[in-house]
Amino acid sequence: MVFTLAFALLFWVSPLVANAVTYTNLEINEEIIPGEGTTYLTATGVQADGVKQMIQGNLVWKSSDVSIATITKGGRLEFSGKGGMVTISVYKGGVSGKKTIHVEPWVKSIDIENSLAYSSEPYRLVLKGCLSDGSVKYFGSDEKVVWSTSNPWVAWVNSQGIVTFTGEEGYVSVKAAYKEFSNAVNTTVDNEDDTVAWIKGIKIKEDIKYAVEKQKLTLVAIMSDESEKVIASESADWVSSDKKVLMVNNEGEITFTGVYGVSKIEVSYGRYDYETVVKVGRFLKSISINQSLNFTSAWVDEPRTLSVTGIYNDGTKMIQTSDITWSVSNSKVANITEEGIITFTGEAGEITIIASGRGCEGELVKDSVTVEVPVIEKSLPKRLYINNNPIGEKGIYSAQVICIYNNGERKDVTKNVKWYTSTPETVSIYEEAVYFSANPGKVELTANYGGLSDTISGYNNLLGSIDKNRICRVIIKEHKVYFSFIPVKLTGLAILGDGTNKDVTSQLKWYSNQPSVATIKEGTLVFTGRLGKARITAQGLGFRDGLEVEVFPEDLRTRIDKLEIEGDLSRGANQLRAWAYYNDNTVLDVTKLVVWNTSNKNVAVVSRDGNVMFPKGFDSVIISASYGGKSAEVKR
């Protein structure tokens, strides 16, 4: 029986324990606003699973400073009127909640301290307030006091409490209102002398134009006799319709933000209003030349286009070359066009490149960069090579022209050569491009550059279309071949009856008359490295063609054939490496030897050792490296 009774009691108590509510913390529900009167507070309990429950009773309330605020057991909160920090806490069981409030004494009444009396000059009414802690507060111009006049024909009051008498007779009352409080002063104006002239309107004297500096406006009253009388600016109310364009303060001082647009300035004085529209146009605030311009000899006689980043008064950033005036300090070192295209002459010296644009009211904004051009060993053109023979293809003839200099340097000058033809009936030249005509016959072209020339000749559809499968001629595609440490692949072409061609390199026999200078096997030409000339002949299918190669001393000089950049611009800081590939098949790391440049230093800067950083965030940019007359670049 005892066991059964104990078992029953256990099941009877368990639901009570299970239903007991436990809280992790308490929250005070009401927003506590200091002031007169009584506020009743309640609390919510937060359970471990996040569920919130309103607590009906058995709460303990406390105030950290009863001299500032008191609270009863039922949660009735009252403030004494004294200022300071006070914490209101609530407890239940082992959990609590609290709110800390900064109490400032509140206004209990207001009073206009000075009396209202006629004056020919504007003056300010002083408003004071009696606070809850017994102290006195004087209201400033930034307080939310509403001033009004019962008779603006006699006296006008602006939003700052400045009273201006018009000179007319009559009764007037000026009232100040703050929250639920108000106070007024009044007077009756009874002038012994009649006013000769009276105000009939107001206006702003200045013609307002954009300026960086703050401007003080002059408000004048237009009198009935057409005279003008200056009014104290602080006695009027000033408003700007668009503060994004310009701002105006209580003293009539305007400040332009720099943003372009239109704003209306409105001013009220007495019963009179005046407004004027101010327009701010779009103009440059600053410009910055984009290119870093660390000089490299590869720039000599190679035109480069410069640009600037322009920042406008509306915050717009724009990369531009137009609407910019460009100049250089020394035309012997470099010349620059109106479009910002600069060409270095190769002369040594210091040069300053200046870019300028029109800012506010035509004022110039400028940026400049100084470039030091060292003494450069000038290389002289020695030989000119046109790579391929004309083989009768229709349309444009695409050739590559290489110039070899006395120091062994090789430069592609295709874009700079001047073409001439002695057979205009079969080939023509238009805007530096070469075109084959529909007429069959001999083709002869000459390329001129730097006082050198090279001539190619061939035939354009010589036999017409007698038999499209018949081989009419065999030629070597390459016109001239210059020295290379690497084997050069030559191509033998069979010209068919319809003017087309096909590769027959493997069907030809290849010979060299000077194997000590150059050898050839199955169309692959190998230079031995010895000076001299060799005649290369291709023979087969009943035809023969040949070309002459020659090795000069400058050809054997070690030089860079190619420059490559290793790395990318995917991070905020990027280390790039530069590799030089030489004509003797060696490869060297020249990262610290190359000249690094950035296309836009306002986006990315590059150090002398190839470290690229984006200080203002990612944007499009080109980082370039130059060394030994070769260049390479990496883009983002």
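Cation-pi contact between Arg636 and Phe618: present, with separation from the ring centre below 6.0 Å and deviation from the ring axis of at most 45°.
Side-chain atoms of Val267 and Tyr272, non-hydrogen and from C-beta on, never get closer than 4.5 Å to each other. The shortest distance between side-chain heavy atoms of Val328 and Val333 does not fall below 4.5 Å. For the pair Met247/Glu253, no side-chain contact is recorded, criterion being any heavy-atom separation below 4.5 Å from C-beta on. Contact annotation: the side chain of Leu219 never approaches that of Val230 to less than 4.5 Å [non-hydrogen atoms, C-beta and beyond]. Put simply, the side chain of Asn313 reaches to within 4.5 Å of the side chain of Val280, judged on heavy atoms. Residues Val103 and Phe79 are in side-chain contact: their nearest non-hydrogen atoms beyond the backbone lie under 4.5 Å apart. Between Ser599 and Val621, some side-chain heavy-atom pair lies under the 4.5 Å cut-off. Asp568 places a side-chain heavy atom less than 4.5 Å from the side chain of Asn574.
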Distance-only donor-acceptor hits, side chain of residues 40-50, under 3.5 Å, sequence neighbours excluded:
from: Thr42; atom 1: OG1; to: Asn29; atom 2: ND2; distance (Å): 2.8
from: Thr42; atom 1: OG1; to: Glu30; atom 2: OE1; distance (Å): 3.4
from: Thr42; atom 1: OG1; to: Glu30; atom 2: OE2; distance (Å): 2.7
from: Thr44; atom 1: OG1; to: Asn29; atom 2: OD1; distance (Å): 2.6
from: Thr44; atom 1: OG1; to: Asn29; atom 2: ND2; distance (Å): 3.4
from: Gln47; atom 1: NE2; to: Gln53; atom 2: OE1; distance (Å): 3.3
from: Asp49; atom 1: OD1; to: Val51; atom 2: N; distance (Å): 3.2

Side-chain donor-acceptor pairs of residues 208-216 under 3.5 Å, sequence neighbours excluded:
from: Gln215; atom 1: NE2; to: Lys209; atom 2: O; distance (Å): 2.9
from: Lys216; atom 1: NZ; to: Glu251; atom 2: O; distance (Å): 2.5

Listing, residues 605-616 side-chain donor-acceptor contacts under 3.5 Å, not counting sequence neighbours, or none:
from: Ser607; atom 1: OG; to: Asp609; atom 2: OD1; distance (Å): 2.3
from: Ser607; atom 1: OG; to: Asn611; atom 2: N; distance (Å): 3.0

side-chain contact (heavy atoms from CB on, under 4.5 Å) evaluation trace for Val262 with Val277: CA-CA 7 Å; Val262 178; Val277 175; 3.4 Å; yes

Audit row: Thr309, Ser288, side chain to side chain donor-acceptor pair (under 3.5 Å) steps and yes/no: CA-CA 5 Å; Thr309 295; Ser288 176; over 6 Å; no

Derivation of the side-chain contact (heavy atoms from CB on, under 4.5 Å) call for Arg304 and Gln291: CA-CA 10 Å; Arg304 303 181 64 81; Gln291 290 74 18; 6.0 Å; no

Verdict with reasoning, Val603 to Lys601, per side-chain contact (heavy atoms from CB on, under 4.5 Å): CA-CA 5 Å; Val603 173; Lys601 62 181 183 291; over 6 Å; no

Derivation of the side chain to side chain donor-acceptor pair (under 3.5 Å) call for Thr218 and Glu206: CA-CA 7 Å; Thr218 305; Glu206 289 80 12; 2.7 Å; yes

Test log, rule salt bridge (Lys or Arg N to Asp or Glu O under 4.0 Å), inputs Lys179 and Glu143: CA-CA 11 Å; Lys179 296 184 177 178; Glu143 302 282 358; over 6 Å; no

Criterion side-chain contact (heavy atoms from CB on, under 4.5 Å) on Ile88 and Leu77, from CA distance to verdict: CA-CA 9 Å; Ile88 305 299; Leu77 176 65; 3.9 Å; yes

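Closest of all the heavy-atom pairs between Val220 and Ile231 is C-CD1, 3.8 Å. Considering every non-hydrogen atom in both Thr598 and Ser292, the closest pair reads N-OG, 3.0 Å. Shown here for Thr164 and Pro122, the closest heavy-atom pair between the two residues is OG1-CB, 3.5 Å. When all heavy atoms of Ile623 and Leu569 are compared, the pair lying nearest together is CG1-CD1, 3.9 Å. Listed here is the closest heavy atom pair of Tyr260 and Gly281: CB-O, 3.3 Å. Of all heavy-atom pairs spanning Gly81 and Ser132, the tightest one is O-OG, 2.8 Å.
In this structure, Ser64 contributes its side chain and Val86 its backbone to no donor-acceptor pair below 3.5 Å. Listed for the Asp367 side chain is a donor-acceptor partner under 3.5 Å among the backbone atoms of Ile289. A side-chain donor-acceptor contact under 3.5 Å links Thr166 to the backbone of Val154. Judged by distance alone, with hydrogens and angles left aside, the side-chain atoms of Ser240 form no donor-acceptor pair with the main-chain N or O of Ile265 at under 3.5 Å. Of the possible polar contacts, none joining the Ser368 side chain to the Ile354 backbone as a donor-acceptor pair under 3.5 Å is found. Here the side chain of Asn158 pairs a donor or acceptor atom with the backbone of Glu234 at under 3.5 angstrom. No donor-acceptor pair under 3.5 Å is formed between the side chain of Thr321 and the backbone N or O of Ser307. When atom types are taken as modelled, the side chain of Asn114 and the backbone of Val126 share a donor-acceptor pair closer than 3.5 angstrom. Although no hydrogens or angles enter the test, the distance criterion places a donor-acceptor pair under 3.5 Å between the side chain of Ser241 and the main chain of Lys264.
Residues forming a ring-ring contact (aromatic ring centres under 6.0 Å, His included) with Trp61 (at least two apart in sequence, or on another chain): none. Under the rule for a salt bridge (charged side-chain N to carboxylate O under 4.0 Å, His left out), the partners of Glu226 that lie at least two apart in sequence or sit in another chain are Lys200. Partners of Phe344 under the ring-ring contact (aromatic ring centres under 6.0 Å, His included) rule, at least two apart in sequence or in another chain, are Phe295, Trp299. Applying the side-chain hydrogen bond (donor to acceptor under 3.5 Å, both in side chains) criterion to Thr370, with sequence neighbours excluded, gives Thr352. Annotation: side-chain hydrogen bond (donor to acceptor under 3.5 Å, both in side chains) contacts of Asp237 (sequence neighbours excluded): Ser159. Under the side-chain hydrogen bond (donor to acceptor under 3.5 Å, both in side chains) criterion, Asp65 pairs with Ser67, not counting sequence neighbours. Shown here are the side-chain hydrogen bond (donor to acceptor under 3.5 Å, both in side chains) partners of Thr276, two or more places apart in sequence or in another chain: there are none.
Residues Asn290 and Asn602 bring a donor and an acceptor atom of their side chains to less than 3.5 Å of each other. Of the N and O atoms on the side chains of Tyr274 and Glu266, not one donor lies less than 3.5 Å from an acceptor on the other residue.
Sparse packing is recorded around CD of Glu338, with 12 or fewer heavy atoms of other residues, nucleotides or ligands lying under 6.0 Å away.
Residue pairs meeting the ring-ring contact (aromatic ring centres under 6.0 Å, His included) criterion with at least one partner in residues 162-182, sequence neighbours excluded, are Tyr118-Phe165, Phe139-Tyr178. Applying the side-chain hydrogen bond (donor to acceptor under 3.5 Å, both in side chains) rule to pairs touching residues 91-100 yields Thr87-Thr100, sequence neighbours excluded.
Salt bridge annotation for Glu228-Lys203: present, with a cationic side-chain nitrogen under 4.0 angstrom from a carboxylate oxygen.
When each of Asn249, Leu217, Ile254 is checked for a side chain to side chain contact (heavy atoms under 4.5 Å, CB included) with Trp238, only Leu217 meets the rule.
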